[in-house]
Asks: 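Could you have a look at this structure, given as structure tokens, before my questions?
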Amino acid sequence: MDKKPISKQGFENIIRELKDLKEVQRPDILKTVQWARSLGDLSENADYSAAREKQRQIDKRIQYLEDLVNNAAVIDIDSLSGDRVIFGARVVCEDEDGNRMQCRILSDIESDGKQVISCTSPVGRALIGRCVGDTCVVRLPSGEREYEILEVKFKE
């Protein structure tokens with residue numbers, strides 16, 4: 001499996017969430033499962049069913065985050081520089097109607113779809129590799145849009 005890029009801060013957030021799930025949430029839900037099991041008949045025990053479902057959700061999330069950690073290529077974006085759009089860049093661009101878009105190119109898990117966009121999204125893929133002054137065409141569900149890159153920076 002290919003390593004997927006993620007910022008150092010994004011990676012640290014995943015590690016923090018994983019630690020919380022393993023050390024706090026999972027032990028708490030296991031206690032709840034044991035308590036619910038002690039109430040007797042499990043076939044009609046809603047507390048037990050709910051606790052087991054919550055445990056399954058936590059276990060799935062732990063597995064997902066562990067997979068992310070194992071396949072992560074951590075990039076220290078604070079050390080990056082240049083005039084080309086790459087992972088971690090802050091980009092200011094303008095479409096043909098004069099609408100400006102400011103965003104940062106990061107990983108799928110760090111993306112919010114507005115100010116932080118995924119490097120694998122249509123916009124992210126179109127911008128990566130371009131320089132200031134370049135134009136790129138982005139294929140969106142609403143149609144094609146052309147953007148001119150006005151600024152590329154890495155530090156705030």
Side-chain angles (χ1 to χ4, degrees), residues 1-33 50-156:
M1 190 172 197
D2 291 338
K3 296 283 186 182
K4 296 187 178 187
I6 188 168
S7 71
K8 187 176 174 185
Q9 182 180 358
F11 187 77
E12 289 169 356
N13 291 342
I14 290 172
I15 296 296
R16 212 173 2 266
E17 181 182 355
L18 191 54
K19 183 177 179 179
D20 178 60
L21 286 169
K22 285 181 166 182
E23 296 178 5
V24 178
Q25 292 186 39
R26 192 161 194 285
D28 285 351
I29 199 65
L30 289 176
K31 288 177 189 171
T32 305
V33 168
R52 290 288 294 167
E53 179 59 30
K54 181 70 175 172
Q55 180 186 357
R56 277 190 288 278
Q57 291 172 352
I58 289 171
D59 288 344
K60 281 183 181 179
R61 183 69 178 169
I62 288 171
Q63 183 62 50
Y64 173 73
L65 293 175
E66 284 177 340
D67 288 346
L68 283 175
V69 167
N70 292 333
N71 295 309
V74 181
I75 298 172
D76 183 6
I77 55 179
D78 293 333
S79 66
L80 300 175
S81 63
D83 61 350
R84 187 171 296 277
V85 179
I86 60 173
F87 182 89
R90 294 179 188 279
V91 182
V92 178
C93 51
E94 187 174 83
D95 67 11
E96 60 267 12
D97 298 331
N99 299 318
R100 283 195 177 205
M101 176 178 67
Q102 296 183 31
C103 60
R104 186 165 204 177
I105 313 286
L106 292 176
S107 67
D108 298 343
I109 196 159
E110 298 169 280
S111 168
D112 64 11
K114 295 177 180 132
Q115 294 181 339
V116 178
I117 61 170
S118 168
C119 57
T120 60
S121 71
V123 175
R125 285 193 316 262
L127 292 174
I128 287 183
R130 310 275 187 200
C131 295
V132 173
D134 288 353
T135 59
C136 61
V137 176
V138 180
R139 289 176 180 77
L140 300 169
S142 60
E144 290 186 348
R145 291 205 81 65
E146 188 173 297
Y147 287 95
E148 179 183 357
I149 298 173
L150 303 176
E151 185 178 354
V152 176
K153 59 184 177 179
F154 292 90
K155 304 219 186 309
E156 297 238 12

Asks: Indicate yes or no: at least one non-hydrogen side-chain atom of C119 is less than 4.5 angstrom from one of P5.
Replies: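 They are in side-chain contact.
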
Asks: Could you work out, with salt bridge (charged side-chain N to carboxylate O under 4.0 Å, His left out) as the rule, every residue matching D95, not counting sequence neighbours?
Replies: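 Salt bridge (charged side-chain N to carboxylate O under 4.0 Å, His left out) check on D95 returns R145.
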
Asks: With sequence neighbours left out, what residues match D78 under side chain to side chain contact (heavy atoms under 4.5 Å, CB included)?
Replies: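 For D78, the residues satisfying side chain to side chain contact (heavy atoms under 4.5 Å, CB included) (neighbours in sequence not counted) are D76.
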
Asks: By the definition side chain to side chain contact (heavy atoms under 4.5 Å, CB included), identify the one residue from D112, I117, V116 that meets it with L106.
Replies: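 By the side chain to side chain contact (heavy atoms under 4.5 Å, CB included) criterion, L106 pairs with just one of D112, I117, V116: V116.
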
Asks: So, using salt bridge (charged side-chain N to carboxylate O under 4.0 Å, His left out) as the criterion, who are the partners of D59 when residues are at least two apart?
Replies: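 Partners of D59 under the salt bridge (charged side-chain N to carboxylate O under 4.0 Å, His left out) test: R26.
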
Asks: Applying salt bridge (charged side-chain N to carboxylate O under 4.0 Å, His left out), can you list everything that pairs with E94, at least two apart in sequence or on another chain?
Replies: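 Expected list: R100.
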
Asks: Could you work out, with side chain to side chain contact (heavy atoms under 4.5 Å, CB included) as the rule, every residue matching E23, not counting sequence neighbours?
Replies: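 Only K19 meet the side chain to side chain contact (heavy atoms under 4.5 Å, CB included) criterion with E23.
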
Asks: With sequence neighbours excluded, what pairs up with E151 under the side chain to side chain donor-acceptor pair (under 3.5 Å) test?
Replies: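 With neighbours one apart ignored, the set is empty.
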
Asks: Identify, with sequence neighbours excluded, every residue that meets side chain to side chain donor-acceptor pair (under 3.5 Å) alongside E53.
Replies: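 Side chain to side chain donor-acceptor pair (under 3.5 Å) list for E53, sorted by chain: R56.
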
Asks: Who pairs with S7 by side chain to side chain donor-acceptor pair (under 3.5 Å), at least two apart in sequence or on another chain?
Replies: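 Listed in chain order: E110.
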
Asks: Mind checking whether I75 and I6 have side chains closer than 4.5 Å, heavy atoms only?
Replies: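 In short, these two side chains do not touch, never coming nearer than 4.5 Å.
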
Asks: Please examine the side chains of I77 and F87, heavy atoms only from C-beta on, and report whether any two atoms are closer than 4.5 Å.
Replies: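 Counting from C-beta outward, F87 and I77 do come under 4.5 Å.
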
Asks: Among all residues two or more places apart in sequence or in another chain, which pass the salt bridge (charged side-chain N to carboxylate O under 4.0 Å, His left out) test with R84?
Replies: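 Salt bridge (charged side-chain N to carboxylate O under 4.0 Å, His left out) check on R84 returns nothing, list empty.
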
Asks: Run the side chain to side chain contact (heavy atoms under 4.5 Å, CB included) test against S81 and tell me which residues pass, sequence neighbours left out.
Replies: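 Expected list: none.
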
Asks: List for me each residue that meets side chain to side chain contact (heavy atoms under 4.5 Å, CB included) alongside K22, sequence neighbours excluded, and say none if there are none.
Replies: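 In terms of side chain to side chain contact (heavy atoms under 4.5 Å, CB included), with neighbours along the sequence ignored, K22 is linked to L18, I62, E66.
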
Asks: The criterion is side chain to side chain donor-acceptor pair (under 3.5 Å); which residues satisfy it with Q57, sequence neighbours excluded?
Replies: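 If we apply the side chain to side chain donor-acceptor pair (under 3.5 Å) test to Q57, skipping adjacent residues, there are no hits.
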
